[in-house]
Protein chains: 2
Amino acid sequence: MATIEDVAKLAGLSRTTVSRVINDQPYVTDEKKQRILQAMDELGYVPNSSARRLRSQRTDTIAVLLPRITNPFFGNLIESMEKKASQWGYQVIVCQTHDSKKKELDYLQLLKTKQVDGVVMTSLVNEWEVVEPYLESGPIVLCNEYMEDTPVPMIHMDHRKAAYESTLHLIDQGCTNLAYLSGGTLTHLAMERLAGFKRALKERGLPFIEEAVMDWVIQVEDGRNAFRKIKEEFPLIDGVFTGSDEVAAGIVYEASHCGWAIPDDLAVVGFDNQMLSLLMAPAVTTVEQPITKMADRTIEVLIQQLLHSSSTTPRRYIYSHKLLVRNSSEKRHSIAK
Amino acid sequence: MATIEDVAKLAGLSRTTVSRVINDQPYVTDEKKQRILQAMDELGYVPNSSARRLRSQRTDTIAVLLPRITNPFFGNLIESMEKKASQWGYQVIVCQTHDSKKKELDYLQLLKTKQVDGVVMTSLVNEWEVVEPYLESGPIVLCNEYMEDTPVPMIHMDHRKAAYESTLHLIDQGCTNLAYLSGGTLTHLAMERLAGFKRALKERGLPFIEEAVMDWVIQVEDGRNAFRKIKEEFPLIDGVFTGSDEVAAGIVYEASHCGWAIPDDLAVVGFDNQMLSLLMAPAVTTVEQPITKMADRTIEVLIQQLLHSSSTTPRRYIYSHKLLVRNSSEKRHSIAK
DNA sequence: TTGTAAGCGTTATCAT
DNA sequence: ATGATAACGCTTACAA
């Protein structure tokens, strides 16, 4: 494998000059530049990335932590982030935490070992206190996930409000016994949504049915199971708030196959506006998130920190959602007065 | 940032001994080991990964090239690969080529720059001749994608056979005018499938309708457009082979919304057995791939190459598929005699 | 069992 | 405009 030394020798110049060419620095005559470029070509020379990183103390790489790539929401998020990052010459490393505290910390370790320059966290399962020390090793930006009193930039939606509106919508359709299905209570996000759900109930004087709260309902399969449980144990439930379109789809699917009418017997709302929600029959009411905008902003904010390591107070960017009402919740003859 | 030197000093030992502890090597007394571990802890020491890589010439990282992570097939593939790789202490870098020749080569460059020890290609858009030279820089394994006379291990299904069987199934259901929708003709895979499709037609004496072949039909949206085209331009078409469940879903969706009956007016088969195909109404007939098995084997094969750099002839592992017949193609009263 | 010392391939500093 | 030289932080012969 050819090194910079080999190139220098072949071109009859010094390593320094070759390095200048590699890094597009000034003070190299065109003639010598050409000689070097040709030598590089001849030897098939490629700079060794570990050596560059070691010397320059930069990796031009950022890590994006997410629960699982197979969740389309995060898939789309990472897709946009990568596009944006590459525009700035940055690589992205995808880090799946699978909602594990240990894995989350393992990946934050990348910051300490200098494998990445910065980190984006799109979910947060550890306590913030545990994560904060890693800030010493490099910038962290929160996208999607968020919390109060945290000294890092945050880019996200108002999930409490979104859940609140979804729930109001269900109530407006005449639902009076609502179930709440969540992807897990560990994250701050999940608590925000639950708060919005409860607030809507309270405002309309409806009871919060503790027993009809289910956690760790994430996949389609979980949604199917949840429906069966509702059918057998809580037949009075007439509306379901879910934190994901997959779960909503599972419910719609299983309900249809069990002879329940959606939305008349059971109204369902999902979250994220995934393709799936539109394709289901009936189509699933859901919350649209401005994924690309959030992703782009996140990368911009992180890279700005990387470039200027500015000590300005971290900003917070809040994006707005959109409730997409579809047939899984919209009753033809609304019972609401 | 503490270095190995700092730890050595604090523990009153040499860098070498510290290094031995870091790498779990023998010949360190328990007492000194403890002293070192404590020093590391005290200083919050973490080995610098660039330095290790530079010195050891290994990255313990492999790159997996795929078209797009938002395609659930590849999402699941990468999920399994990552799991397997981490069992061996390897990291995985996800590289989205978006079917671009340039990006594919850019990512292969990771091998040359020593950012990764090996590469898995799950799709191949460049000519093999262009890719082959990269083998000098490290091992490459093909998973999913495959071709003849290539000196690298291959792990894949027989796509020609799968397409052949799907097509026969459509014909058995009484279809006589078949359309063929492909995700792109660039890959060898696509050609294999087309060959299987054609063979089935030929065997049953049906015509191959050149005009009803559509390329670059990938997403749900493409499927919807494809249906509209069929409806307007080729109303005689009564069966469609598609290379993806998304496309099939788009067709089913659009057809239903246009008043066509699936499968009676139009039978549809998809590919990959994605969740979506089961959830559609009607559910989509599809081809199940043994994703986890293929992913696991791929990583094992690659890591074996990494560990032993054996010069044995590269093996080829062919896995078998399973045609899942569902309502998008199975006619209640089969017309076939 | 432990330590010395020589690199790994770059880039940054300082001369020239 | 170009070059010599010293790091960057670690691993690994080899010596002790």
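Model, not experiment: these values are computed from the prediction. Naming: A, B, ... by sequence-line order, numbering from 1 per chain.
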Pairwise ring pair (Phe, Tyr, Trp, His ring centres under 6.0 Å) hits with a residue in residues 80-124 of chain A, at least two apart: none
Whole-Å gap separating C1' (C/dT2) and CG (B/Asp30): 15 Å
Protein-nucleotide distance (B/Gln115, atom CD; C/dC8, atom P), rounded to Å: 21 Å
Pairwise distance NZ(A/Lys33) to CD(A/Gln25) - rounded to 0.5 angstrom: 10.5 Å
Salt-bridge contact A/Arg316-A/Glu148 (side-chain N to carboxylate O under 4.0 Å): yes
Side-chain N or O of A/Thr17 closer than 4.0 Å to phosphate OP1/OP2 of D/dT2: no
Pair A/Arg68 + B/Glu82: basic N to acidic O under 4.0 Å: no
Overall bend - the helix from C/dT1-D/dA16 to C/dT16-D/dA1, comparing terminal axes fitted on five pairs, nearest 10 degrees: 30°
Side-chain heavy-atom pair B/Asp149, B/Trp128 within 4.5 angstrom cut-off: no
Spacing of B/Glu42 atom CD and B/Leu37 atom CG [to the nearest 0.5 Å]: 12.0 Å
Pair A/Tyr319, A/Arg297: side-chain N/O donor-acceptor within cut-off below 3.5 Å: yes
Polar side chain donor-acceptor pair, B/Arg52 to B/Asn23, under 3.5 angstrom: yes
Presence of A/Lys32 side-chain N/O under 4.0 Å of D/dA1 phosphate oxygens OP1/OP2: no
Of the listed nucleotides C/dG3, D/dT2, C/dT2, the one nearest the side chain of B/Tyr27: C/dT2
Base-contact (B) and sugar-phosphate-only (S) positions in nucleotides 8-16 of chain D, heavy-atom cut-off under 4.0 Å, - elsewhere: BBBBBB---
